[in-house]
Amino acid sequence: MTVSYGSASVVTDESVDRSDLGAPWADESNGLCGAGIPGLLELQVGTHTGWVPFRIELHESEPALASHWEEAVEVSFTTTHDEAYLLGLMDDKEYRFPLPAGDYRVRYCARGFDEAHRGEEGEDSYLLQFWPQPPCAARILRQTSSEAAYWHRARRTLTPQEQEEDDLREAAERENRARERWGDRVPNERLRATLDQGLWSGTLMKLDPDLEFALAEADDTVHRRIAAWAALRCADVSGLNRLSEFAPAFAALRRDEPVPTPFDDPGECWALYRRTNAPRTIVPMPLEGAGPVFAQDWAIPALFFTAHADSLVAVLEVVVCLAHVHGRDGYRQAFADLRARFPELPSGGA
């Protein structure tokens, strides 16, 4: 069976509501087999994306647990139908099997969880065993891998001590990422808050640290004006401004207005651009050692990032796009033009 995002399921009721992703795990009994929604079993798989072997067995009574299975959990499951199917997330193929209506105990076994998580193909395999039994508490029978331990922990409420340990660890990791991005320079709180936002905001620190810090000191109005100017400059340089499909967006930016729908949606912007079959221009990436890129591939995100809810994230992302559209030979002049166009921008010095 083919899985995506490490997820598979057994379904007996096709009308089941699966919109609440946490509902299958509501009892917090384990993190591998969720039975919180009648007619549905959610299964955690070690392989993120790819083919995995599954075996399904129907027994008259509880079978022995073979020693070679490294992970094993049990849950109760009730079905009002006489057939079920196994399905990998985003897979179109359903593997149907008979399962007469009634109450069952379900044992989910796995091996190779850690190896699969590391990307070692063909190392994980899975077994589902059903036998008649009245409902009773779910339980973990066997847990040996760190990956299975992670999912068991992730799908239960942490103790106060565990939560405190997690908070301290996350704070330390965040501080390490901040030091990697800004070194010994101290960002203001507004800039620090962008650490986990955007796609390429951190790139500007490698190209022009003073400009990043200057933008962080500017107010929202200046952010929006610079983002609009930079997005229009990207469009001019890349030729995007010659595409009539994008004219409403550019017209709005020239009026100092937000781009209208659908130009605030990345998927819509890319789909619209692909339909134009416009020519593409290769430029060298600004950072040394990086390969060439298409200028248009950066002019498109420059457009939709102007609409980001956080004006600082918006301007940081659009200015990075500006650098890539101009390439290694032209981004410094583009940054100089930006500073000349917006003299109100703080110096941003250390």
Side-chain angles (χ1 to χ4, degrees), residues 1-11 18 20-37 40-57 63-77 85-91 93 95 105-130 137-174 176-177 180 196:
M1 178 183 68
T2 301
V3 298
S4 298
Y5 295 96
S7 183
S9 55
V10 171
V11 181
R18 305 178 67 172
D20 184 350
L21 299 182
W25 316 96
D27 69 350
E28 301 189 358
S29 62
N30 77 92
L32 301 186
C33 182
I37 300 178
L40 174 70
L41 292 174
E42 285 289 357
L43 307 174
Q44 183 64 48
V45 179
T47 292
H48 181 277
T49 304
W51 185 89
V52 293
F54 259 87
R55 179 178 174 83
I56 300 174
E57 298 174 350
L65 175 58
S67 60
H68 64 271
W69 293 110
E70 300 165 350
E71 322 297 334
V73 300
E74 285 183 2
V75 299
S76 292
F77 182 68
Y85 63 85
L86 177 69
L87 179 70
L89 181 63
M90 300 176 69
D91 188 14
K93 187 172 183 180
Y95 297 86
R105 193 65 169 171
V106 183
R107 182 184 294 157
Y108 179 45
C109 304
R111 59 182 173 186
F113 235 74
D114 280 347
E115 293 83 355
H117 180 65
R118 292 194 297 265
E120 300 174 18
E121 293 187 9
E123 293 296 332
D124 55 331
S125 56
Y126 303 88
L127 170 68
L128 275 168
Q129 296 173 310
F130 294 79
R139 59 177 180 162
I140 300 173
L141 299 179
R142 188 176 294 163
Q143 183 260 299
T144 65
S145 70
S146 59
E147 184 66 9
Y150 166 82
W151 286 112
H152 289 319
R153 188 176 188 271
R155 286 172 172 150
R156 64 173 173 81
T157 302
L158 300 182
T159 66
Q161 180 179 350
E162 289 173 331
Q163 187 62 61
E164 181 179 2
E165 292 171 351
D166 275 9
D167 291 344
L168 290 173
R169 182 168 53 253
E170 290 174 8
E173 292 173 353
R174 184 177 177 81
N176 287 336
R177 286 186 285 115
E180 288 176 2
D196 299 315

Asker: What class does the angle between the rings of Tyr108 and Tyr126 fall in, given that below 30° is parallel, 30 to 60° is tilted and above 60° is perpendicular?
Answerer: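 Ring orientation of Tyr108 relative to Tyr126: parallel.
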Asker: For the SG atom of Cys109 and the CZ atom of Arg55, what is their distance to the nearest 0.5 Å?
Answerer: 12.0 Å
Asker: More than 12 foreign heavy atoms under 6.0 Å from OH of Tyr85: is that the case here?
Answerer: yes
Asker: Between Ser4 and Asp91, is there a side-chain heavy-atom distance shorter than 4.5 Å?
Answerer: no
Asker: Could you report the tightest heavy-atom contact between Val75 and Cys33, atom names first, then the distance?
Answerer: CG1-O, 3.6 Å
Asker: Looking at CG of Leu87 and OG1 of Thr2, how far apart are the two atoms once the value is rounded to the nearest 0.5 Å?
Answerer: 10.0 Å
Asker: Heavy atoms only: give me the nearest Ile56-Phe130 pair and the separation to one decimal.
Answerer: CG2-CE1, 4.0 Å
Asker: List the residues meeting side-chain hydrogen bond (donor to acceptor under 3.5 Å, both in side chains) with Arg155, not counting sequence neighbours, and say none if there are none.
Answerer: Gln44
Asker: Within the supplied structure, the quantity of interest is the number of heavy atoms (other residues, nucleotides, ligands) at a distance under 6.0 Å from Glu164 CD; does it exceed 12?
Answerer: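 Counting neighbours around CD of Glu164, 12 or fewer heavy atoms of other residues, nucleotides or ligands fall under 6.0 Å, so no.
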Asker: Minimum heavy-atom separation for Gly112 and Glu70, please, with both atom names.
Answerer: N-OE1, 2.9 Å
Asker: Answer whether the closest heavy-atom distance between the side chains of Leu86 and Leu43 falls below 4.5 Å.
Answerer: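 Yes. Closest side-chain heavy atoms under 4.5 Å.
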Asker: Who passes ring-ring contact (aromatic ring centres under 6.0 Å, His included) against Tyr95, sequence neighbours left out?
Answerer: none
Asker: Go through the structure and list residues passing side-chain contact (heavy atoms from CB on, under 4.5 Å) with Ala149, not counting sequence neighbours.
Answerer: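 Partners of Ala149 by the side-chain contact (heavy atoms from CB on, under 4.5 Å) criterion, ordered by chain and then number, come out as Gln143.
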Asker: Does any part of the side chain of Leu168, heavy atoms only, come nearer than 4.5 Å to the side chain of Glu170, both counted from C-beta?
Answerer: no
Asker: How many angstroms lie between atom CD1 of Ile140 and atom NE2 of His152, to the nearest 0.5 angstrom?
Answerer: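 Spacing of CD1 (Ile140) from NE2 (His152) equals 4.0 Å.
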Asker: With distance as the sole criterion, is a donor-acceptor pair present between the side chains of Gln163 and Asp167 under 3.5 Å?
Answerer: yes
Asker: Tell me, yes or no, whether the heavy-atom count around Arg169 atom CZ, taken from other residues, nucleotides or ligands under 6.0 Å, exceeds 12.
Answerer: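 Correct, the count exceeds 12.
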Asker: If only atom types and distance count, is the side chain of Glu115 paired as donor or acceptor with the main-chain N or O of Asp124 below 3.5 Å?
Answerer: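 No; judged by distance alone, with no hydrogens or angles, the pair does not exist.
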Asker: More than 12 heavy atoms of other residues, nucleotides or ligands under 6.0 Å from NE2 of His117: is that the case?
Answerer: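 Open: at most 12 neighbouring heavy atoms sit under 6.0 Å from NE2 of His117.
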Asker: With sequence neighbours excluded, give me every salt bridge (charged side-chain N to carboxylate O under 4.0 Å, His left out) pair touching residues 137-154.
Answerer: Glu74-Arg139, Arg153-Asp166
Asker: Which pair of non-hydrogen atoms, one from Ala116 and one from Gly46, has the smallest distance, and what is that distance?
Answerer: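 Taking Ala116 first and Gly46 second, the nearest heavy atoms are CB-C, 3.6 Å.
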Asker: What's the spacing between Leu32 CG and Trp25 CH2 if we round to 0.5 Å?
Answerer: 7.0 Å
Asker: Looking at CG of Leu128 and CZ of Arg107, how far apart are the two atoms once the value is rounded to the nearest 0.5 Å?
Answerer: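 Leu128 CG to Arg107 CZ: 11.5 Å, rounded to 0.5 Å.
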Asker: Ignoring hydrogens and geometry, is there a side-chain-to-backbone donor-acceptor pair from Glu57 to Leu127 under 3.5 Å?
Answerer: no
Asker: Taking Arg18 for its side chain and Leu40 for its backbone only, find out whether a donor-acceptor pair lies under 3.5 Å.
Answerer: no
Asker: Closest heavy-atom contact between Ser145 and Phe113?
Answerer: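 Minimum heavy-atom contact is OG-CB, 3.5 Å.
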Asker: Which heavy atom in Met1 sits nearest to a heavy atom in Ala8, and how many Å separate them?
Answerer: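 Result for this residue pair: CE-CB, 3.6 Å.
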Asker: With Ser67, which residues qualify under side-chain hydrogen bond (donor to acceptor under 3.5 Å, both in side chains), at least two apart?
Answerer: none
Asker: Check side-chain hydrogen bond (donor to acceptor under 3.5 Å, both in side chains) between Asp196 and all other residues, then give those that pass, not counting sequence neighbours.
Answerer: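 Once residues adjacent in sequence are excluded, the partners of Asp196 under the side-chain hydrogen bond (donor to acceptor under 3.5 Å, both in side chains) criterion are Arg174, Arg177.
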